[in-house]
Participant: 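This is the structure I want to talk about, given as structure tokens.
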Amino acid sequence: MEKVRVRFAPSPTGYLHIGGLRTVLFNYLFAKHYNGDFILRIEDTDRSRYVEGAFEDIKESIKWLGITWDEGPDAGGDKGPYFQSERLDFYKKYAERLVNEGTAYKCFCTSERIQEIKEKQKASKEQIRYDKHCRNFSKDEVAKNEAADLPYVIRFKVSEEGQTKFEDYLRDEVVFENAQLDDFIILKTDGFPTYHLASVVDDHLMEITHVLRGEEWISSTPKHVLLYNALSFKMPEFVHLPVILSSKGGKLSKRDGATQVREFMEKGYLAEAMTNFLVLLGWSLDGSTSMFTMQELEKVFTLEQIGKNSPVFDIEKLNDYNGKYIREKSVKELADLCYPYMLDAGIVKDDTEGTRIYFESIMELLKERLVLLSDVVESAKCFFIDKIDYEDGSMLIPKKTSPDQVKSVFKLSLEKLEHLEDFSVENLENSLRKLIDELGLKAGQIFMALRITVTGSKVSPGLFETMSVLGKQRCMARIKDALAVLE
RNA sequence: GUCCCCAUCGUCUAGCGGUUAGGACAUCGCCCUCUCAAGGCGGGAACAGGGGUUCAAUUCCCCUUGGGGAUACCA
């Protein structure tokens, strides 16, 4: 088997979409599985849609998963350049060759004229397509237009009969009637190629063996096939990956929440979770294995197990993965990952060793409870703030408990804690449980009152663990504060 | 409208003619328990419909329906 060479060819017209990242993953895994090359090529042939920063974002998003490209921007390679805007001569050469051979022609129609016929066709409910006005110009007519310096595009001359077919790896033969195809443009007025020409020429020149791309390309593949044949290029294997759908129907869009890779990074999704989630969107090993490392995936990933139905993006599942991978991290790793969120939120101001150590002890408690790294801000806040707002104090009184009972518990707790030298989880639990026994109260209620006192929330890690981490000073101060509010 | 693709629990999927149709997420119940998680145990939940082919169809073929995609001098 010849060496596998695949490419991911994004256009820098926006930040990388989550669906694009999946395409990257599939390409990469396929290449690595067969010891092949993964190439990154930038399809910047639409100057009007260029978005500043998109190129950087695409690179960063890919690298986030730990994926690198063997050839492409920054990596180099002997099939470059890897920006299509720097390869204009190639496209021009091939376009002209097609014109000379009579399989393409110059079209001098103005966009106004095209617009006009389109509207007419729309009104009479005809198929919308080019009317082939310039298709059969005589040499003289063409020469006259050229002499007049009229701007032109180059169109591919599609046969009016017959069919164009190709093999798609996932769905066998796909057939299109040529009559359905338009005389599509391959070179624009500005001398830039359209996607069709550019990708075919580049895939050939870069010796791409397999084209793994989104399913939305199926309907333009016959155009590519026509080009491959006209240019006598060897056809790559086509693998059209089903697109990721929204749970609300249709393509994944902003209305579904995050769609850009960047947003997931910022919210604190782990690359491991994203990789796992994404690879299982349309691929499965055996229907039961659900956690893979990148290395394992490289070993087991093959095309045979790719499904052909469009999967729905299920954020719940991604969240589940994220929680699982968070729990697999060491406390140290997790603390490093979470600390920037604390800094960003302004909850911790410094990055001293002391704060770090304190933060790690907090992470020990939060580890089991985080879904997103960014959740740390809300959960860890109470460990850093100076005062907790108890409002009018009513939040401190659990159901079926009187204010007096709470007050006496607080007072007695203070006494007990005062004498507690070692604020260990064990000591805290022993002494507080003993206190409740002595008073003949229900543990749940009292612990809840203390929890709210100490954390300001009804939800927290274990009370004794939390108090132990907070330390004697803070706990006592907060109970005193709470007591003051109740008095 | 036209063309193309797809079709197993709510979701991701296993299944590649004969299975009590399996797993995961979500959901529900129970256990653990100071709340919330995590964890453990258990429950409900699917072959879109109709024709064929076959001794036998979830599985192969056709139609219908449903969903998706494409219809640009965008990729």
Side-chain angles (χ1 to χ4, degrees), chain A residues 9-14 43-46 48-49 84 107 109 111 114 118 122 125-129 151-155 168 170-171 174-177 179-182 184-196 198-199 213-222 240 242-243 245 247 249-251 277 280-291 305 307-321 323-324 327 365-371 379 398 429 432-433 436 442-452 455 457-466:
Chain A
S11 79
T13 51
E43 311 227 321
D44 52 350
T45 55
D46 186 345
S48 63
R49 291 204 308 153
Q84 291 189 324
C107 168
C109 294
S111 39
I114 301 288
K118 246 186 214 173
K122 213 174 193 175
K125 287 188 178 168
E126 283 174 76
Q127 287 264 7
I128 294 170
R129 56 165 65 104
Y152 64 86
V153 299
I154 294 180
R155 288 182 183 272
D168 179 272
L170 297 176
R171 24 206 143 221
V174 183
V175 184
F176 287 81
E177 294 295 328
Q180 292 292 332
L181 269 27
D182 209 348
F184 58 96
I185 293 170
I186 57 178
L187 204 71
K188 310 182 226 177
T189 314
D190 61 6
F192 276 64
T194 57
Y195 172 86
H196 309 302
S199 70
R213 77 225 305 185
E215 199 178 24
E216 67 269 24
W217 291 107
I218 288 184
S219 37
S220 42
T221 304
H240 288 102
V243 295
L245 263 27
S247 54
K251 274 201 221 175
F277 171 70
L280 256 12
L281 232 41
W283 176 89
S284 81
L285 179 62
D286 49 19
S288 61
T289 314
S290 61
M291 304 269 276
Q305 302 141 103
K308 43 188 171 179
N309 35 3
S310 310
V312 170
F313 186 89
D314 180 13
I315 192 76
E316 299 281 1
K317 195 157 191 162
L318 210 209
N319 288 343
D320 178 64
Y321 272 120
K324 284 198 165 82
R327 276 169 249 133
L365 307 185
L366 261 29
K367 194 178 158 183
E368 303 285 308
R369 289 159 240 262
L370 294 182
V371 173
S379 307
E429 175 150 21
L432 288 173
R433 280 200 193 277
I436 285 163
K442 280 257 192 293
Q445 297 166 25
I446 298 313
F447 289 161
M448 184 51 86
L450 281 169
R451 176 192 321 287
I452 295 170
T455 68
S457 167
K458 279 159 93 169
V459 176
S460 81
L463 177 63
F464 314 115
E465 288 81 355
T466 303

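If you're wondering where the values come from, they're calculated on a predicted model, not measured in any experiment. In what follows, chains are A, B, ... by sequence order, proteins preceding strands, each numbered from 1.
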Participant: How would you summarise protein contacts on nucleotides 28-35 of chain B per nucleotide, using B for base, S for sugar-phosphate only and - for none, with heavy-atom distances below 4.0 Å?
Facilitator: ------BB
Participant: Which comes earlier along RNA chain B counting from the 5' end, the contact point of A:Leu370 or that of A:Gly249, where each point is its nearest nucleotide?
Facilitator: A:Leu370
Participant: Separation of A:Gln127 atom CD from B:A70 atom P, in whole Å?
Facilitator: 16 Å
Participant: Starting at CZ of A:Phe184 and ending at C1' of B:A70, how long is that distance when rounded to a whole Å?
Facilitator: 15 Å
Participant: Would you kindly compare A:Tyr152 and A:Leu245 by the position of their nearest RNA chain B nucleotide and give the one closer to the 5′ end?
Facilitator: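 The answer here is A:Leu245.
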Participant: Report which part of the nucleic acid A:Arg327 touches: base, sugar-phosphate, or nothing (heavy-atom distance under 4.0 Å, all strands).
Facilitator: sugar-phosphate
Participant: Are side-chain heavy atoms of A:Thr45 and A:Ser11 found at a separation under 4.5 Å?
Facilitator: no
Participant: With sequence neighbours left out, what residues match A:Asn319 under side chain to side chain donor-acceptor pair (under 3.5 Å)?
Facilitator: A:Tyr269
Participant: Using atom C1' of each nucleotide, how far apart are B:G69 and B:C73 to the nearest Å?
Facilitator: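 That atom pair is separated by 23 Å.
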Participant: Counting only side-chain heavy atoms from C-beta out, which of B:C73, B:G68, B:A75 sits nearest to A:Ser111?
Facilitator: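 Per side-chain heavy atoms of A:Ser111, the pick is B:C73.
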Participant: Can you tell me, in whole Å, how much space there is between the P of B:A75 and that of B:G67?
Facilitator: 31 Å
Participant: Partners of A:Arg433 by salt bridge (charged side-chain N to carboxylate O under 4.0 Å, His left out), sequence neighbours excluded?
Facilitator: A:Glu429
Participant: For A:Pro398, which contact category applies under a 4.0 Å heavy-atom criterion: base, sugar-phosphate, or nothing?
Facilitator: nothing
Participant: Should A:Asp46 and A:Arg49 count as an ion pair when the cut-off is N to O under 4.0 Å?
Facilitator: yes
Participant: Reading nucleotides 4-25 of chain B 5' to 3', which nucleotides get B (base under 4.0 Å from a protein heavy atom), which S (sugar-phosphate only), which -?
Facilitator: SSSSS--SBSS-------BBBS
Participant: If we take the P atom in both B:U33 and B:A21, what is their distance in whole Å?
Facilitator: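 To the nearest whole Å, 39 Å.
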Participant: Does the B:C73 base have a donor-acceptor partner in the side chain of A:Thr189 within less than 3.5 Å?
Facilitator: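 Side chain to base: pair present.
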Participant: Fit a plane to each ring of A:Phe184 and A:His196, take the angle between them on a 0 to 90° scale, and name the class: parallel (under 30°), tilted (30 to 60°) or perpendicular (over 60°).
Facilitator: perpendicular
Participant: A:Lys251 near the nucleic acid: base, sugar-phosphate alone, or nothing, with a heavy-atom cut-off under 4.0 Å?
Facilitator: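 Sugar-phosphate: the residue A:Lys251, judged by heavy atoms under 4.0 Å, touches backbone atoms but no base.
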Participant: With the criterion being N/O to N/O and under 3.5 Å, what pairs connect the protein with nucleotides 46-50 of chain B, and how long is each?
Facilitator:
none

Participant: Quick one: A:His240 NE2 to B:G68 C1', roughly how many Å, whole number?
Facilitator: 15 Å
Participant: Have a look at A:Gly214 and say if it touches a base, only the backbone sugar-phosphate, or nothing, with a 4.0 Å heavy-atom cut-off.
Facilitator: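 Since no nucleic acid heavy atom lies under 4.0 Å of A:Gly214, the category is nothing.
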Participant: With a 3.5 angstrom cut-off on both distances, give the Watson-Crick or G-U wobble partner of B:U2, or none if there isn't one.
Facilitator: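 Checking every strand shown, B:U2 finds its partner in B:A70, with both distances under 3.5 Å.
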Participant: In sequence, state the C-alpha distance, the side-chain angles, and the governing distance for A:Thr221 and A:Phe176, and then conclude on side chain to side chain contact (heavy atoms under 4.5 Å, CB included).
Facilitator: CA-CA 10 Å; A:Thr221 304; A:Phe176 287 81; 6.0 Å; no
Participant: Salt bridge (charged side-chain N to carboxylate O under 4.0 Å, His left out) with A:Asp182: which residues, sequence neighbours excluded?
Facilitator: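 Listed in chain order: nothing, the list is empty.
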Participant: Side chain of A:Thr194, backbone of A:Ile185: donor and acceptor closer than 3.5 Å?
Facilitator: yes
